[in-house]
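Note that the coordinates shown come from a computational prediction; the quantities given were computed from them, not determined experimentally.
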Amino acid sequence: MMRTHYAGSLRGGDAGSIITVCGWVAARRDHGGVVFLDLRDASGILQIVIDPATPAGADSSRIRSEFVLQVTGVVRPRPGGTLNVDLPTGEVEIAADSVVILNESEPPPFPLNDRADGVDESLRLRHRYLDLRRGAMQRNLRLRAGVNRSVRAVMDAENFVEVETPMLIASTPEGARDFVVPSRLHPGEFYALPQSPQLFKQLLMVGGLDRYYQVARCLRDEDLRADRQFEFMQLDVEMSFADAQDVMDVVARAVDAAVVGATGRSIGEVPSITWQDSMERFGTDKPDLRFGMELIDLGGVFASTEFRAFQADAVKGICVTGMGEASRSTVDGLVDRAKSLGAQGLVWMRVRDGGVLEAPVAKFLSADEQAGVVATLGAVTGDLVLIVAGDRRMANEVLGALRLDLGKPPVDFSETDGGPALMRFVWVTDFPLFEKVDASGRPTPAHHPFTMPHPDDLALLDGTAEELLAVRSQAYDLVLNGWELGSGSVRIHRADVQSRIFALLGIDAQEAQERFGFLLDAFKFGAPPHAGFAFGIDRLVALLAGEENIREVIAFPKTQSGSDPLTGAPGPLDPTHLRELGLAMAAKPKK
RNA sequence: GGUCCUGUGGUGCAGUUUGGAGUGCACGCCGCCCUGUCAAGGCGGAGGCCGCGGGUUCAAAUCCCGUCAGGACCGCCA
């Protein structure tokens with residue numbers, strides 16, 4: 001046994017014990033005679049005192065940062081006046097009898113304490129094994145493990161069966177770009193890595209598993225973002241003989257358990273909003289409910305306006321509290337931002353005393369219209385009113401983006417100012433079945449092609465493009481503070497309905513049979529009605545950790561360009577390896 | 001595919017706007033001093049391809065072009 005205690009576990013009550021601890025040197029304070037060491041292990045930091053007169057003093061001048069030590073000594077209360085209230089172990093210290101240097105260390109390339117907060121991320125990733133020693137990373141990974149533990153406990157308790165699904169599967173060109181793996185035994189053929197276990201979990205329902213879950217790795221070859229990696233983890237759930245509400249209830253219990261475990265606070269009742277309402281009020285399908293600044297329809301105010309720009313499909317506005325004094329360049333920046341988001345322009349108005357509007361376009365607006373803007377938006381002196389007119393979807397999305405730019409609070413669940421931190425979960429329901437309809441009248445699915453249409457809208461499936469876009473699905477998203485945590489739906493469980501949807505999507509019978517024949521076949525043998533959900537573990541953990549970026553909660557993440565500074569991946573394959581796989585480079589790669 | 005930001009001793013930054021000697025700050029590192037510190041303190045020292053390449057100029061960390069790397073975003077992400 002190399003140690004008797006964890007360094008961070010010792011308290012005043014342990015005084016008098018003779019103990020052995022192991023860990024890394026976090027700091028060394030050499031007074032010429034007595035030497036203080038801060039010894040760090042997974043549990044925390046403990047002060048070691050080395051008296052030059054003891055055997056432990058022999059090597060003390062050699063010891064440097066990140067040396068690995070085994071220290072034996074007696075726990076003793078710190079002398080009066082030298083207690084450290086900032087340290088959980090601050091009442092005690094170890095008077096070292098013996099210090100064994102288990103390993104030496106070069107000076108670390110960056111500080112491993114809080115000073116590392118600003119260190120270049122690629123340097124941290126190149127030496128991730130050092131970065132992981134830092135308290136912040138230790139906390140994040142332990143938080144992550146706790147979230148996994150909590151959700152598993154709920155799923156287990158509710159009789160869900162954990163089933164693993166394959167990583168090497170057939171490529172399906174729908175949706176995200178697949179990562180592919182060449183087959184050695186079948187030269188010229190490829191496996192794909194799963195974007196999600198979607199089809200398998202539906203097959204598990206046909207297979208009578210009744211309730212399935214998996215903490216599943218998903219892979220998508222799409223560009224990376226602060227909240228997106230090639231690889232990510234989902235709590236994947238599927239339930240037979242269940243409706244949307246059953247699924248949402250289970251997911252809410254799993255998320256609640258994770259949040260309670262992490263923060264001690266329940267998420268409470270999760271409210272719902274329809275997709276339609278979310279788009280109209282927040283200009284997005286993942287609304288951040290931590291603040292207001294809702295989008296207001298000004299169509300009524302400008303119903304018979306003379307102002308050309310407002311004779312549009314939709315006129316919508318937001319009122320930015322207290323921004324009326326913003327500089328012209330700031331406001332011009334908002335105009336540029338709106339244009340870059342696809343707006344024709346952005347009308348802005350400063351609200352002055354008495355509801356007087358100061359704006360370049362004021363002269364084009366009647367007194368009634370100006371008064372209507374102020375009244376409808378509830379604007380007061382000092383506010384800035386922003387209005388976008390044009391296509392309704394565009395106007396909503398542009399204002400939704402501006403709303404976030406101007407109002408989004410930082411990601412932070414810590415207790416601030418003694419008040420409760422803000423977690424605003426919301427279910428977004430009644431998504432449209434189709435995202436858009438192309439020129440030939442062919443729709444693309446908003447969720448995935450296995451989503452059950454809303455029963456009231458089935459008749460619209462034979463309709464015009466406009467009617468197709470109005471078809472609602474039985475799909476639902478869980479949103480937290482503007483982050484899409486996950487989505488789910490009631491699935492199609494009948495071969496005839498699934499074939500009809502495939503046909504609508506332009507997948508003819510032969511193609512459907514080739515790609516998804518196994519699913520359609522399975523549906524011929526008594527597939528139960530089923531529904532499911534999947535939510536992103538990385539995103540939930542990041543939000544619970546107060547991180548803006550999921551790389552901070554992933555042990556070994558990729559950079560934005562998809563490379564790994566630690567291992568050097570991706571890299572070239574040697575010619576022998578390529579030949580074995582039946583592959584040849586079509587062109588000399590760049591670099 | 002696109003827009004924007006960043007790149008200066010091991011680390012974090014200032015210096016770039018308005019070209020004039022690698023000039024500065026903090027930390028770390030090395031040496032010496034120091035027996036109660038808490039990211040100890042004092043004194044001294046070492047350490048630089050100003051990401052890389054090209055151009056303009058008498059002169060480039062600084063201006064221009066290109067490129068690489070990292071980041072934020074748009075597209076993309078059923």
May I ask you to say what A/Gln198 touches in the nucleic acid, namely base, sugar-phosphate or nothing, with a heavy-atom cut-off under 4.0 Å?
->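 Answer is base: heavy atoms of A/Gln198 come under 4.0 Å of a base.
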
Scan A/Arg539 against the nucleic acid and name what it touches under 4.0 Å (heavy atoms): base, sugar-phosphate only, or nothing.
->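 Nothing, no nucleic acid heavy atom in range.
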
Indicate, yes or no, whether a donor-acceptor pair under 3.5 Å links the base of [N] to the side chain of [X].
| X | N | answer |
| --- | --- | --- |
| A/Arg124 | B/G70 | no |
| A/Glu93 | B/G36 | yes |
| A/Arg177 | B/G75 | no |
| A/Arg228 | B/C76 | yes |
| A/Asp120 | B/G71 | no |

Can you tell me the pairing partner of B/G66 across any strand shown, Watson-Crick or G-U wobble, with both distances under 3.5 angstrom?
->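 Its partner is B/C52.
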
So what's B/A14 paired with, Watson-Crick or G-U wobble, going by both distances under 3.5 Å?
->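 Check on B/A14: paired to B/U23, both distances under 3.5 Å.
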
Partners of A/Lys286 by salt bridge (Lys or Arg N to Asp or Glu O under 4.0 Å), sequence neighbours excluded?
->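 Partners of A/Lys286 by the salt bridge (Lys or Arg N to Asp or Glu O under 4.0 Å) criterion come out as none, since no residue qualifies.
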
Do any of residues 27-45 of chain A sit with a heavy atom less than 4.0 Å from RNA chain B, and if so which?
->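 Going residue by residue through residues 27-45 of chain A, the ones with a heavy atom under 4.0 Å of RNA chain B turn out to be A/Ala27, A/Arg28, A/Arg29, A/Asp30, A/His31, A/Gly32, A/Gly33, A/Val34, A/Phe36.
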
Sub-4.0 Å heavy-atom contacts from residues 80-88 of chain A onto RNA chain B, ordered by number |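 A/Thr82, A/Asn84 - these, ordered by number, are the residues of the stretch whose heavy atoms sit under 4.0 Å from the strand.
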
Any ion pair linking A/Arg62 and A/Asp59 (charged N to carboxylate O, less than 4.0 Å)?
->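 Between A/Arg62 and A/Asp59 there is a salt bridge, with a charged N closer than 4.0 Å to a carboxylate O.
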
